Asker: 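My questions all concern the structure below.
Scope of the values below: all heavy atoms of this structure, side chains included, with no hydrogens, waters or symmetry mates. Order of listing sets the numbers, starting from 1, for every ligand and every atom in it. Quick caveat: nothing in here was measured; it's all calculated off a predicted structure.
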Amino acid sequence: MEPELPDLRSLPRSEVDALVVRLGEKPYRARQLFRWLHQKGAATLEEMSDLPAGFRTRLAVELRLTVLARAEERRSADGTIKWTWRTHDGKLVESVYMPEAERRTLCVSSQVGCAVGCTFCLTGTMGLARNLEPGEIVDQVHRANRRLVELGLGEGPRPLTNLVFMGMGEPLANYRSLKVALDLLLSEDGPNFSQRRVTVSTSGLVPVIRRLGEETFVKLAVSLNATTDAQRDAIMPINKRYPLAELLAACRAFPTRNGRRITFEYVLLAGVNDDLEDARRLARLLSGIPTKVNLIPYNENPGLGFRAPPPGRLSAFQDELVRHNLTVVVRRSRGSDISAACGQLASEGGPGDPRRAAPTLTAPAPAR
Ligand code: SF4
């Protein structure tokens with residue numbers, strides 16, 4: 001089998017600069033090439049019309065260009081759009097677009113599947129197929145931007161305003177690709193996202209949380225979901241490796257510059273973590289951390305065995321946190337009619353999709 005060519009879209013800026021020089025082109029061509037790749041999201045080398053034809057030919061001989069193919073698009077009544085993309089080796093990953101007032105957010109995937117295995121999460125049932133390359137992470141953003149323009153839902157080249165790494169996968173378990181992708185997405189010659197508008201969410205990989213804090217200025221979200229180690233061990237196996245005390249110590253040490261806060265996500269699971277005593281413990285655990293709590297009523301997934309909290313429980317839980325002076329936002333479920341809500345992302349009908357065992361269900365289901 002021929003060895004795979006390196007991906008042009010995955011190269012950090014410094015490597016694009018070096019490549020251009022090595023191929024005998026003038027250094028200013030590097031900026032032109034980089035802009036085609038990451039500002040305009042070019043889908044082919046032919047599109048790069050102001051680059052010499054000979055240069056484009058040499059690029060085509062030495063490298064491939066990641067362009068995710070749109071395998072499916074599902075649009076929700078609330079404006080949410082879920083895209084399923086096919087990679088060059090036939091894997092499926094998903095991104096979710098969530099418009100809200102002036103904010104147009106894309107939820108980005110970082111891995112095909114996920115090895116963390118949270119028991120309430122559909123993606124967790126898939127296991128990990130592979131990490132995404134930097135080019136496959138950033139191309140979700142490029143394809144989404146181009147599609148939004150095509151649909152008349154925004155003006156080019158970059159309708160998206162915010163990014164959240166909360167799609168399929170644990171972003172910090174693929175830190176090497178994530179870091180390159182973040183640098184590309186934040187680049188002035190690329191999409192030029194503001195660090196304040198990029199959030200990376202983790203299930204709690206403590207050593208990499210420290211690294212993210214040292215090496216970037218993006219925002220941190222932590223998927224917490226429990227208030228005791230016993231409870232968290234049962235639903236998030238990563239807690240056995242990095243228990244709550246270690247996780248919260250890493251959060252306390254995370255640089256929260258310019259009044260930025262850490263978001264703690266708390267999925268309310270009926271009878272598991274939705275007691276008022278949980279709310280009080282949560283307030284104690286988070287004291288001293290600049291915090292915002294996102295409360296998320298569970299989106300039920302067939303086959304996973306968890307239930308959404310009963311009516312009234314969510315507001316009682318929220319009130320208790322507010323009484324303890326916490327800032328609390330209830331995250332409205334987006335796109336649950338198209339399987340795009342939190343915890344619902346997985347390639348539908350794929351090997352890990354428990355809905356395959358529930359063929360009588362007719363309601364559309366989803367992925368995180
Ligand atoms: S919740 Fe996140 S970390 Fe946990 S299994 Fe799902 S995708 Fe992985």
Asker: Do any N or O atoms from the side chain of Asp7 and from the backbone of Ser10 form a donor-acceptor pair under 3.5 angstrom?
Answerer: yes
Asker: Is there an N/O/S atom in Cys121 that lies less than 2.8 Å from atom 8 (Fe) of ligand 1?
Answerer: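 Checking atom 8 (Fe) of ligand 1 against Cys121, no N, O or S atom falls under 2.8 Å.
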Asker: Suppose we screen for salt bridge (Lys or Arg N to Asp or Glu O under 4.0 Å). Which residues come up paired with Arg313, at least two apart in sequence or across chains?
Answerer: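 Residues passing salt bridge (Lys or Arg N to Asp or Glu O under 4.0 Å) with Arg313: Asp274.
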Asker: Does the plane of the ring in His38 sit parallel, tilted or perpendicular to the ring in His142? Use 30° and 60° as the thresholds.
Answerer: tilted
Asker: Any atoms of ligand 1 less than 4.0 Å from a non-hydrogen atom of Gly124? List them with their elements.
Answerer: 5 (S)
Asker: Which ligand 1 atoms, with their elements, are less than 4.0 angstrom from a heavy-atom of Gly117?
Answerer: 5 (S)
Asker: Tell me, please, if Cys118 has any N/O/S atom, main chain or side chain, under 2.8 Å from atom 6 (Fe) of ligand 1?
Answerer: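 No N, O or S atom of Cys118 is closer than 2.8 Å to atom 6 (Fe) of ligand 1, so no.
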Asker: At less than 4.0 angstrom from any non-hydrogen atom of Gly169, what atoms of ligand 1 do you find?
Answerer: 7 (S)
Asker: Could you check whether atom CD of Glu150 has more than 12 heavy atoms from other residues, nucleotides or ligands sitting under 6.0 Å from it?
Answerer: yes
Asker: For Thr263 and Asn294, does a side-chain donor sit closer than 3.5 Å to a side-chain acceptor?
Answerer: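 Thr263 vs Asn294: no donor-acceptor pair found between side chains.
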Asker: With atoms numbered from 1 as shown, which atoms in ligand 1 lie under 4.0 angstrom from a non-hydrogen atom of Ser203?
Answerer: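 Heavy-atom distances to Ser203 below 4.0 Å select 3 (S).
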